Every structure is written in C-alpha cells, then in structure tokens.
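Heads up, the thing below is written out as structure tokens.
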Amino acid sequence: MPVHNADIATVLNRVADLLEIEGANVFRIRAYRNAARTIASLPWSVAEVLAEGEDLPKLPGIGEDLAGKIKEIATTGTLSQLEEIERRIPAALTQLMKIPSLGPKRVQAIYQKLNITTLDELEKAAREGKIRALFGFGQKTEEKIIEEIEQKKEKKERIKLPVAEEVAQSIVNYLRQVSGVSEVVVAGSYRRRKEVVADLDILAVASQDSPIMQRFINYEDVDRVVARGETKSTVLLRSGLQVDLRVVPKESYGAALHYFTGSSTHNIAIRKLGLKAGLKINEYGIFRAEERIGGREEEDVFRSVGLPFIEPELREGRGEIEAAARHMLPRLISLADIRGDLHLHTTATDGRFSLEEMVEAAIRKNYQYVAITDHSRHVSVAHGLDARQILQQIEAIDRLNKRLEGKIRVLKGVELDILEDGSLDLPDEVLKLLDLTVCSVHYNFNLPLEKQTERIIRAMDNPYFNILAHPTGRLINERKPYEVDMERLIEAARQRGCFMELNAHPDRLDLNDIHCKMAKEMGVKIAVSTDAHNLTDLDFMRYGVDQARRGWLEPEDVLNTRDWPKLQQLLKRR
DNA sequence: GCCGTTTTCGGCCCGACTGTTTTCAGTCG
C-alpha cells in the first residue's frame, strides 16, 4: 500500500493535534503543521522518491528532525513518536478538536475532568448538562457543542466555484445597495480561484454610520449568526456555507484586501518581510512605528516590502515571494489569450447539440479553431463512434469547413479511449485522417499505480496520441483521482511530443494547479479545454484559465493560445 | 521544531469576537 503525501500530512497533523492538547510549545506544533502543509502540496511523491533510493531534498520549514520523521512515515506508514504520544493520551481526542469552538485547551479540560474521548461521549455529557459545570465553560458553550455535533452529522463539504459564485454574487449585490457602502468584494480562497471553497470572505468599505452589519445578518439566506461585531461578523447560510463579512475604512481597503485574500502562509511570509524592514503590516495598513505609510491600495503592501504585485492566484506560499523578489513572476495567461477549444462533444455521442450548433457557439466566442472530439467506440455508455462513424463525421466536418471558410476552422478529432492494455480504441488508418486526438481513461480506474502509469505511457507510444485528457479522472468531491505517477507521465509526454490537458470543467479541473506547475517546469505544454457537452459548457473555459493561473501558466505554456499553423506544427509528432 | 547580511539562542504574524469572569483566555481566520 503506497504512502501518499496526504497520508504523511495526516500523521503530522495528528501529532500536532495531540501535542497541542498536551500543551506543548506552540511553535513546535506550528512546525509540524507547516511541514504537513508543505508535504501535502508537493508535486512529487515523497514515498516514491525515497523508494528510488534518493534522499529527501531540503524543504522550507523541515529540518533534520522532521525530515527523519517524514522518512519514517513514508517507509513504514506510521510514526513511532505518534504511537508513543498515543500511549499518553487517547488518539480519538483529535476528533473532538474538529468541533468548531473546541480547541486544545477545552478538549484537554473535557478529557481530564470528565474522561471523555469520543464525540458520542461528548454529546451525551453535553445533553446531561455536565459540560456547563466545568470551569471556563458555560451554558452557551454547551449548547454550541450540541449544535455543532448535530451539524457535523450532516457533514458539509467544500463547494465548487460555480456554486460559490452564485451565492457570492447575490450577497455582494445585496450589500452594495446598503447606504454608506462604497466597496464590496469577495476575498479569500474565492479570489485566489481555488477549485473548492470552504467559506466566503467578503470585504466591504463603509462609512461609520452604515447599517451594513445589521443588513448582513438580516440577509434572507442566513440560518444562524455565529458572531456579530463592529467590524466582523460570521453567518451560516441555510446551505451550511459560512460567510464572513469584514468592514474597514477606505484608507485600509488595500491592506485589508491583501490580508483577507490570503493565503495565511503567504500573509505570514509578507508580514515577516515587513518586520525585517521595520514595518508592521496588518489589515488596517502598513505602519512604521505608529505612522501609517500605506494601505489604501493592495499594491502598497507589496511595495512596502520591495516586491512587485503578486496575482491572487499565486498567493499560496509556493515560491511566489521568492520569484517576485527575483523579478521572475510569471506573466499569467488570461481568457483573452485563448484561441480555441480542443475538446468538444456533439450529438454524435453524448453531447446535447449538433456539430453545427457547437461550432456556431465557438464562432460566437471568436475562436480561430475548435476541435470536435466525440467518444470512441469502447465508451459504449456514450455511444462511442466506430471507424465508419468517425469517417462520416470527418466528411461532415470537411463540408462544414468549406461552408465556414474564413469564419473558423473546425478540427477533426476524437476522444480516444485508452484500453486496459494501453492500446488505442481505433485503428491507425483512421487516426491518421484526424487533426488531433485527445486520449483518456474511462475504464479500469482501479489498476495499481505502476500498471496504470504504464498503461498510459504505452498509449503515448502510439504516434497518433496527442493530448492526455483529464489525466487523473478525478471528479471533485465525487471520485478520487486514479493512481498514476504524474511525474513519469509528464516526462513520457515530453519525450514523445505529447501534451497534457487541463480539463476546464469545474467538476474536474484536471490537471490540478500543482501538476500544471510541474508540467510547465518539465517543459510540457498544456491544452486548456472545456470538454463541452452543450453550448453553455464552452463558458467553462474561464475556470480552466483560473486553474492555469494557479498553476503559474503563461500564454506560452498553453497549447491553445497559438494560431492554427503553429498549433498544427506542435501536433505533428516525429 | 526551525532558522539566521541583526542572532547557533531567542525569536517565531496579527487582530476580532465570544463567553466567562471580573480583566482575559480560548478560538478562529
């Protein structure tokens, strides 16, 4: 059973939780959490690197001690230190820490005074009124615990961007109409364009006498007010989504926007730089001693620590500050750079609109080209096309191209199934008639990592293989990615002149941001494609571009920013 | 536990809100 980076991070976080309950040094605990986050966001597998006999490279915040522990987890799956801690203190207590409003101090008190270690015991004790009797607890805390346990049973997950956008836009519109309000923006992970968000952080500029806070908690979708203050309030919507509102004066807008956009890793790094420069940076501004020297514009924050502006999508603590300091920030791709869409379906298979209708929609996007890539025969649930049907579609596209001469170029393609043995689903005699292929896995997701990786690489050996579509098969919140060695796949693509897809569908966003950056660094270009099954799906391109930006991609790194002659050249394999 | 053109020791981002107690600890982001 391979140890994933996420497994290592889980163990490190568990150690941090238990040490925290024991009252260990807070900075020691932070070191474990930082290490967990670093490992979780690595683009390569620690266990694999170690298995190949290589040493763990030096990573920020991971010294000799933690490196040793990480190696132990990667090779054995466990950590003797954790087992040792668990002999002193019950492992189940980490579950209690997950209840909002319960931190290490309260969990420790509950455990020591009442010998409670599980959620069930906690709920029972709370209902019997035993929690309120503890020193430092009271009736309200007890009620809150019961409520949180009930909520937890319903289990809410992070929501995808399109849903977040819908919710956010209506709250923003609502708040903008409140008197005295001059600015309302959504910050947080939403502004960093993360594929899923756990909450919405809304920032507003308002006059002292504005009733914005009252109006916020009166918003029609509010189920529960979690906190309500002068400058900050938190509500839960009926959907379970948490929304925070922060209100600042105009002169603090930039500093507050930077602060509430995060990420926290990025913020901590920026503030450290500020300290070095003798500055204090907080959400109200940039201060030298007591004097405010900036904070109205977001740029002020970066300028004060000697950095150029860093785009929100890059602010994840993945080297953006170092890159900014060396003036090596990427010039991120934008939607306007996209020249065409390379992955579309029609009614010939499981699309909802005809070839003509899909192409018309692409023309309305001002694309120079669009590729029709219906499924191949093996994907029977989508009525995949056999060789004869593909030939018919090729003829139809030829006729359409003649008719649309000058308006758009329709590329002849196919979404070609990669069979279990790594062969492709249609004969080469047919494939050679196409402009491009996007190839993908639709069956046998459960192969072991080694086999799945080799299956795909074998498919790339076919000279008609162009783009590996949705390379991990994941469906956000629904289906885990299948096991592949992404570094090997990208390297194999590089050697063979193949490309990787960033599938822009907000349910997929596959490749993810980290793998996009890895492909860029390894010199493999990426096709940002919508996988559209109907007309409005073409609009998903912007989510793909968002994710591409999070992956540090520049126009140069993306296949479909090129005009057709250049794209045609790139698709030719030697 | 990590880290260093201020330091190998002594720091480690910073502030808001709540509930409880009576001036502040705990939690959160």
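What you see is a predicted model; the values in this text were computed from it and never measured.
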Test item: R246(A) side-chain N/O and F260(A) main-chain N/O as donor-acceptor pair under 3.5 Å: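 Looks like no, no N/O pair under 3.5 Å.
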
According to salt bridge (charged side-chain N to carboxylate O under 4.0 Å, His left out), who are the partners of [X], at least two apart in sequence or on a separate chain?
X: R106(A); value: none
X: R37(A); value: none
X: R508(A); value: D531(A)
X: E72(A); value: none

Do [X] and [Y] sit within salt-bridge range, that is, some charged N less than 4.0 Å from a carboxylate O?
X: D221(A); Y: R238(A); answer: yes
X: K71(A); Y: E64(A); answer: no
X: E313(A); Y: R318(A); answer: no

Close residues, [range], relative to DNA chain B [heavy-atom separation under 4.0 Å]:
range: residues 108-140 of chain A; answer: G136(A), F137(A), G138(A), Q139(A), K140(A)
range: residues 313-329 of chain A; answer: none
range: residues 11-32 of chain A; answer: N25(A), F27(A), R28(A), R30(A), A31(A), Y32(A)
range: residues 68-94 of chain A; answer: K69(A)
range: residues 221-229 of chain A; answer: A227(A), R228(A), G229(A)

Nearest-Å distance once atom C1' is located in both dG10(B) and dT18(B):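 Straight-line distance between the two C1' atoms is 33 Å.
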
Euclidean distance for P, dG15(B) against dT8(B) (whole angstrom):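 It comes out at 28 Å once rounded to the nearest Å.
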
Sugar-phosphate only, base, or nothing, as touched by S264(A) at under 4.0 Å among non-hydrogen atoms: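 No contact at all - S264(A) keeps every heavy atom at 4.0 Å or more from the nucleic acid.
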
Partners meeting side chain to side chain contact (heavy atoms under 4.5 Å, CB included) with D244(A) (sequence neighbours left out):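 For D244(A), the residues satisfying side chain to side chain contact (heavy atoms under 4.5 Å, CB included) (neighbours in sequence not counted) are D199(A), D201(A), T234(A), Q242(A).
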
Qualifying residues under side chain to side chain contact (heavy atoms under 4.5 Å, CB included), relative to E251(A), sequence neighbours excluded: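 Scan of E251(A) (side chain to side chain contact (heavy atoms under 4.5 Å, CB included), adjacent residues dropped) gives P249(A), R292(A), R296(A).
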
Lys NZ or Arg CZ of R215(A) over Y219(A) ring: under 6.0 Å, within 45°: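 No cation-pi geometry.
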
Span of DNA chain B in contact with chain A (heavy atoms, under 4.0 Å):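 Extent of the interface on DNA chain B: dG1(B) to dG29(B).
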
Parallel, tilted or perpendicular, as decided by the 30° and 60° cut-offs, for the rings of H258(A) and H266(A):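 Judged by the thresholds at 30° and 60°, the geometry between H266(A) and H258(A) is tilted.
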
